[in-house]
There are 2 protein chains.
Amino acid sequence: MTQRINSMEDISLTLKLLGDKTRLTIMKLLDKQECCVCELVEIFKTSQPAISQHLRKLKDAGLIKENRKSQWIFYSINTDSRQWQLVQELISHVPSVDHLLEELKVKGLRMTCN
Amino acid sequence: MTQRINSMEDISLTLKLLGDKTRLTIMKLLDKQECCVCELVEIFKTSQPAISQHLRKLKDAGLIKENRKSQWIFYSINTDSRQWQLVQELISHVPSVDHLLEELKVKGLRMTCN
DNA sequence: TGCTTATATAAGTACATTATTATATAATGA
DNA sequence: TCATTATATAATAATGTACTTATATAAGCA
């Protein structure tokens with residue numbers, strides 16, 4: 001695949017956004033499967049507004065998209081983003097987060113948001 | 001080349017550092033050739049302490065190294081860094097900065113730091 | 001409709017980051 | 001040795017970021 005060149009502004013914004021551990025982990029998680037807000041709140045053990053604010057930044061930058069399913073809003077990678085190729089390369093360097101999804105499953109909280 | 005996996009901390013620190021336009025541009029410049037502080041001050045049209053502080057952060061993270069040549073200190077990419085493969089991929093997405101080095105040359109300021 | 005659950009937004013606060021100004025260090029050369 | 005040039009460091013001010021708490025919105029259900 002040939003290299004897609006974006007502007008310095010777009011690239012530095014993307015790197016700044018993923019330079020935060022929470023957001024980097026969110027992108028790695030979403031690379032595996034879409035997640036709703038309450039799943040992420042559980043995984044990061046932080047407040048719901050904190051997660052919502054991280055998601056908003058990622059969405060504003062076009063890196064993720066949302067999809068409401070009844071009362072839940074699921075977030076997923078926006079693979080149409082001009083930054084997606086770069087993001088994909090980045091997160092391939094990040095250690096696996098499968099254990100986080102596994103813990104969620106064990107607790108019976110995966111995909112369901114009871 | 002196989003993928004080198006670093007810790008979440010190391011990766012997010014690297015992305016945070018390169019999430020700044022000045023530092024991202026510095027890394028792209030150094031990927032072409034080593035530069036001394038006064039060349040970078042000229043290129044970025046900012047204060048010398050501002051550049052020194054950016055260089056220090058990059059050096060503290062192990063991304064660049066310094067090499068004194070008489071009164072000048074030249075900075076270059078530390079290709080021994082555990083992050084080098086990641087950094088190399090990142091900066092391959094960044095638009096060329098050749099024009100910046102060319103301008104410097106035209107002004108007679110390249111490599112010499114009169 | 002009113003209650004509950006999921007999520008977003010707003011306001012405020014604490015902390016981090018980046019630049020500036022002033023000063024220190026280090027090398028060179030008269 | 002003294003003056004000059006290159007660079008680093010310290011202190012400070014301005015700005016940005018990420019959290020918290022409180023509140024608003026929106027969907028589902030009794």
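Chain A is the first sequence line, chain B the second, and so forth, proteins listed ahead of strands; every chain is numbered from 1. Every heavy atom of this structure was used, including side-chain atoms; hydrogens, water molecules and symmetry mates were not.
- Between the side chains of S92(B) and Q88(B), no donor-acceptor pair of N or O atoms lies under 3.5 Å.
- dT9(D) atom C1' lies 8 Å from atom CZ of R56(B), rounded to whole Å.
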Short heteroatom pairs, N/O only, protein and nucleotides 19-25 of chain D, under 3.5 Å:
from    : atom 1 : to     : atom 2 : distance (Å)
dC19(D) : OP2    : H54(A) : NE2    : 2.7
dT20(D) : OP2    : S47(A) : OG     : 2.9
dT20(D) : O4     : Q53(A) : NE2    : 3.1

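- Residue-level contact check: S70(A) touches the backbone only, with heavy atoms under 4.0 Å from sugar-phosphate atoms and none from bases.
- Closest to the side chain of R68(A), out of dA18(D), dA27(D), dT17(C), is dA27(D).
- Rounded to whole Å, the distance from CG on L58(A) to P on dT17(D) is 14 Å.
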Go through the steps to decide whether K16(A) and D20(B) satisfy the test salt bridge (charged side-chain N to carboxylate O under 4.0 Å, His left out), and finish with yes or no. CA-CA 7 Å; K16(A) 180 184 285 187; D20(B) 174 275; over 6 Å; no

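- Within the 4.0 angstrom heavy-atom criterion, only backbone atoms of the sugar-phosphate kind lie near K16(B); the bases stay farther away.
- Nucleic acid contact for F44(B): none, since no nucleic acid atom lies under 4.0 Å from a heavy atom of the residue.
- Backbone-only engagement by K57(A) is indicated by non-hydrogen atom pairs under 4.0 Å involving sugar-phosphate atoms exclusively.
- The closest donor-acceptor contact from the side chain of N78(B) to the backbone of K65(B) lies at 3.5 Å or more, if one exists at all.
- For the pair S96(A) and K28(A), the tightest heavy-atom approach, listed with the atom from each and the gap, is CA-CE, 4.1 Å.
- Side-chain polar atoms of H93(B) and E89(A) form a donor-acceptor pair below 3.5 angstrom.
- No side-chain donor-acceptor contact under 3.5 Å links E42(A) to the backbone of E39(A).
- Between L55(B) atom CG and dT18(C) atom P there is a gap of 13 Å when expressed in whole angstrom units.
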